[in-house]
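Just below is one structure, and these are the notes that go with it.
Since the structure is predicted, the reported quantities are computational estimates derived from the model, not experimental observations. Below, chain A is the first sequence line, B the second, and so on; all start at residue 1. Both backbone and side-chain heavy atoms feed into the values below; hydrogens, waters and symmetry mates do not.
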Number of protein chains: 2
Amino acid sequence: MVMSRLRDVEIKHLVALRAVAEEGTFGRAATRLGYTQSAVSQQIAGLERALGAPVFDRPGGPRPVELTPLGSLLLEHANDVLGRLDAAGAAVERFVRGETGPLVVGTFQSVTTSILPTIVGRLREESPDVDIRLRESNDKEAFPGALVRGELDLAFTLDDDWPGVETEVLFEDPFVVVTPRSDLRAGCFPVQDLVGRGLVGYQLTSCQREIEEGLRRVVDGDLDWVFRTDDNLAVVALVRSGLGAAVVPRLAVDVDDDSVAIHDPEPPIPPRRVGLSWKAGRTLSPVALRFAEIAREACRPLQLSGTRAGAAAAVTTA
Amino acid sequence: MVMSRLRDVEIKHLVALRAVAEEGTFGRAATRLGYTQSAVSQQIAGLERALGAPVFDRPGGPRPVELTPLGSLLLEHANDVLGRLDAAGAAVERFVRGETGPLVVGTFQSVTTSILPTIVGRLREESPDVDIRLRESNDKEAFPGALVRGELDLAFTLDDDWPGVETEVLFEDPFVVVTPRSDLRAGCFPVQDLVGRGLVGYQLTSCQREIEEGLRRVVDGDLDWVFRTDDNLAVVALVRSGLGAAVVPRLAVDVDDDSVAIHDPEPPIPPRRVGLSWKAGRTLSPVALRFAEIAREACRPLQLSGTRAGAAAAVTTA
DNA sequence: ACATGACCATCAGCGTACGTGATCACGATG
DNA sequence: CATCGTGATCACGTACGCTGATGGTCATGT
């Protein structure tokens, strides 16, 4: 921890040592390094003063200098150290270019199954060496804490903002009504008509609670939930089978799936706002910034909310 | 080779980075490093200027600073580099103390079988980690070249001095006459008496040539060499068996061996001077200096030449 | 709401350290 | 013996880096 004799040794000393050892002459080493012979002479002298022993034998006259045994030993270590520094420089260079680096992103189911593959795919395409790690959770409260603790670089979040977390809204995710295909209505679906039909929905996570409270506020009568699952595909399949209807975020369904009918609810339910969050004040890595940029691009088509065409374009454009 | 962005980064920057990261505060890091808070602030600022990006997020107020992703990356490499520097410092320390280091010594047979084990033994005893390598050659001309080329640190040599090689005489190795034990004479042995007896000797290496020329100059008549071998033990064994007499360097025989008789030749043959040589002007490693010192001590009893007692004392005192 | 305290950034000032350029001393070479 | 290529040394000027003081920011406690 103290480096004893090397305490006053600087990188330039090691560089000079190497240059002189390779060139055989203070003057040529100086030229290579962009110094004068005098400077190199003083640098080596300083190195030897710090070590308390010479690193070169100067035969005098025009003969080249030669490493002492101590010089050889030190040179080996110097090459090692300088090699490490080069490696560090290269690593930093790749990092700031966004070519490498760790990136931990928090996500939740509907994002994971819809836009995330597109984003990750594009990022991996332009930077194959980035170490992307995903953590999925449907607990709204899990991510802000993880962000603040530094466990996550970025996280997809919904609505609320938390102290110490900055959020950029990516797009609005409206709720849609899914019914069997036979149920042909134009565009809007009066939510009042849901009363008396069987309903398929999610487990009572925060998202589902949001849906049910939203409906309760605008609907007369009780809603009849006949099945709950967190599997998006199962929900759609059960609707297709005629078991009932569903109210889900648009992101959760494949808008090109013609085996079911998709409608905008009437009156409309306030949409969820999907955002990208990070720890406030934290400098994001270049990879993280690039991820955010790609996410922004990928979500742009989704921002013109409501229309089915927009959503379809966004999700399939990979 | 250029370290790109790390070109202006100095060791102190990495030390400061580590200290701040571990302390969480510029001020405490400054205290630990023996600087003022201002200095550390400027050092980190300089580091960030060199990198072109911040390494710490300063939340402001009394909250501790935190590494940015770039800072984390750099810190990993910094720990690596600083660890290497520590290792280098430790290695240098051990080296200058003479505890480690490579040591290549040139030797020849009679030294190898007599005083060398003593010297090597003592050195290994006080410095078990020294990497001692021996190279044996009976060619007188081999070692000076190897010394000058830097292939050897030290070499035992005989007599002549070579350009570019410095030599310190360790002791004189007189020639002795070896005869069967039955041949009881007091002290001196007239070499003239060798004529007409069978003689055992070495192959015609430079040493043996020296012996034979020396004898020819003082002896009337031809000498009869009945057997030649380079094996010291064989020479003595053949003398013991009565095959003949031998003239050998005293170092080549065990002076305590009572199965043969050992005499000083009359007239005396000029003794060989055994020396320790090294490349002129070359700084010797601490291990090499210690080796030379031990060799000097070990050979001191041999310097009082001629007497059997002196030689015996030197060789057996390990 | 306000004062307090802990923290970092910035500034001016100053000493030192470092590189330059000139000169000296040395040894090989012809 | 003169020359040349070498490293060491010196005086000099600049520039860098540290200090000490000050100001701004944010959390905390009353």
Which part of the nucleic acid, if any, lies within reach of Gly46(B) when heavy atoms closer than 4.0 Å are counted: base, sugar-phosphate only, or nothing?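 The residue Gly46(B) makes no contact with any strand.
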
Once you apply a heavy-atom cut-off of 4.0 Å, does Val65(B) come out as touching a base, just sugar-phosphate, or nothing?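 If one applies the 4.0 Å heavy-atom cut-off, Val65(B) turns out to touch the sugar-phosphate alone, with no base involved.
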
Check whether any side-chain heavy atom of Glu10(A) sits under 4.5 Å from a side-chain heavy atom of Gln43(A), and report yes or no.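 Not in contact.
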
Check the distance between [N]'s [atom2] and [X]'s [atom1] and give it to me in whole angstrom.
{"X": "Phe56(A)", "N": "dA8(D)", "atom1": "CZ", "atom2": "P", "answer": "10 Å"}
{"X": "Arg58(B)", "N": "dT10(C)", "atom1": "CZ", "atom2": "C1'", "answer": "13 Å"}
{"X": "Phe26(B)", "N": "dT19(D)", "atom1": "CZ", "atom2": "C1'", "answer": "17 Å"}
{"X": "Glu23(A)", "N": "dG5(D)", "atom1": "CD", "atom2": "C1'", "answer": "16 Å"}
{"X": "Leu33(B)", "N": "dG17(D)", "atom1": "CG", "atom2": "P", "answer": "16 Å"}

Please enumerate all residues that pass side chain to side chain donor-acceptor pair (under 3.5 Å) together with Glu136(B), with sequence neighbours excluded.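 Applying side chain to side chain donor-acceptor pair (under 3.5 Å) to Glu136(B) gives Thr112(B).
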
Among residues at least two apart in sequence or on other chains, which ones pass side chain to side chain donor-acceptor pair (under 3.5 Å) with Thr68(B)?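 Side chain to side chain donor-acceptor pair (under 3.5 Å) list for Thr68(B), sorted by chain: empty.
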
Enumerate the protein-to-nucleotides 15-18 of chain C contacts in which both atoms are nitrogen or oxygen and the separation is below 3.5 Å.
none

Could you give the side-chain donor-acceptor pairs of residues 45-52 of chain B under 3.5 Å, partners two or more places apart or in another chain?
unit_1   : atom_1 : unit_2   : atom_2 : d
Glu48(B) : OE1    : Arg58(B) : NH1    : 3.4
Glu48(B) : OE1    : Arg58(B) : NH2    : 3.1
Glu48(B) : OE2    : Val55(B) : N      : 2.8
Glu48(B) : OE2    : Phe56(B) : N      : 3.4
Glu48(B) : OE2    : Arg58(B) : NH1    : 2.8

side-chain contact (heavy atoms from CB on, under 4.5 Å) involving [X] - partner list, sequence neighbours excluded:
{"X": "Ala288(B)", "answer": "Leu103(B), Leu154(B), Leu284(B), Ser285(B)"}
{"X": "Ala39(B)", "answer": "Tyr35(B), Thr36(B)"}
{"X": "Pro271(A)", "answer": "Glu172(A), Pro174(A)"}

For nucleotides 23-25 of chain C, list the nitrogen or oxygen atoms of the protein found under 3.5 Å from its nitrogen or oxygen atoms, one pair per line.
none

Do Ser72(B) and Glu76(B) pair up side chain to side chain, a donor and an acceptor below 3.5 Å, judged on atom types alone?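 Per modelled atom types, Ser72(B) and Glu76(B) side chains form no pair under 3.5 Å.
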
Which residues pass the salt bridge (charged side-chain N to carboxylate O under 4.0 Å, His left out) test with Asp129(A), sequence neighbours left out?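 With neighbours one apart ignored, the set is empty.
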
Apply salt bridge (charged side-chain N to carboxylate O under 4.0 Å, His left out) to Glu93(B) and list each qualifying residue two or more places apart in sequence or on a separate chain.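 Here the qualifying residues are Arg5(A), Arg97(B).
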
Rounded at 0.5 Å granularity, tell me how far [atom1] in [X] sits from [atom2] in [Y].
{"X": "Arg18(A)", "Y": "Asn79(A)", "atom1": "CZ", "atom2": "CG", "answer": "6.0 Å"}
{"X": "Arg63(B)", "Y": "Asp57(B)", "atom1": "CZ", "atom2": "CG", "answer": "11.0 Å"}
{"X": "Arg135(A)", "Y": "Thr107(A)", "atom1": "CZ", "atom2": "OG1", "answer": "12.0 Å"}

Report the end-to-end axis angle of the helix from dA1(C)-dT30(D) to dG30(C)-dC1(D); each axis comes from five terminal pairs, and the value is rounded to 10°.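 Computed angle between terminal axes is 20°.
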
OP1 or OP2 of dT19(D) sitting under 4.0 Å from any side-chain N/O of Ser38(B)?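 No, outside the criterion.
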
With a 4.0 Å cut-off on N to O distance, would you call Glu166(B) and Lys279(B) a salt bridge?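 The answer is no: the pair does not qualify as a salt bridge.
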
On DNA chain C, does the nearest nucleotide to Glu48(B) precede the nearest nucleotide to Thr36(A) from the 5' side, or the other way round? Give the residue.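 Here Glu48(B) is the residue nearer the 5' end.
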
Contact list (N/O, under 3.5 angstrom) for nucleotides 28-30 of chain C vs protein:
unit_1  : atom_1 : unit_2   : atom_2 : d
dA28(C) : OP1    : Arg63(A) : NH1    : 2.9
dA28(C) : OP1    : Arg63(A) : NH2    : 3.0

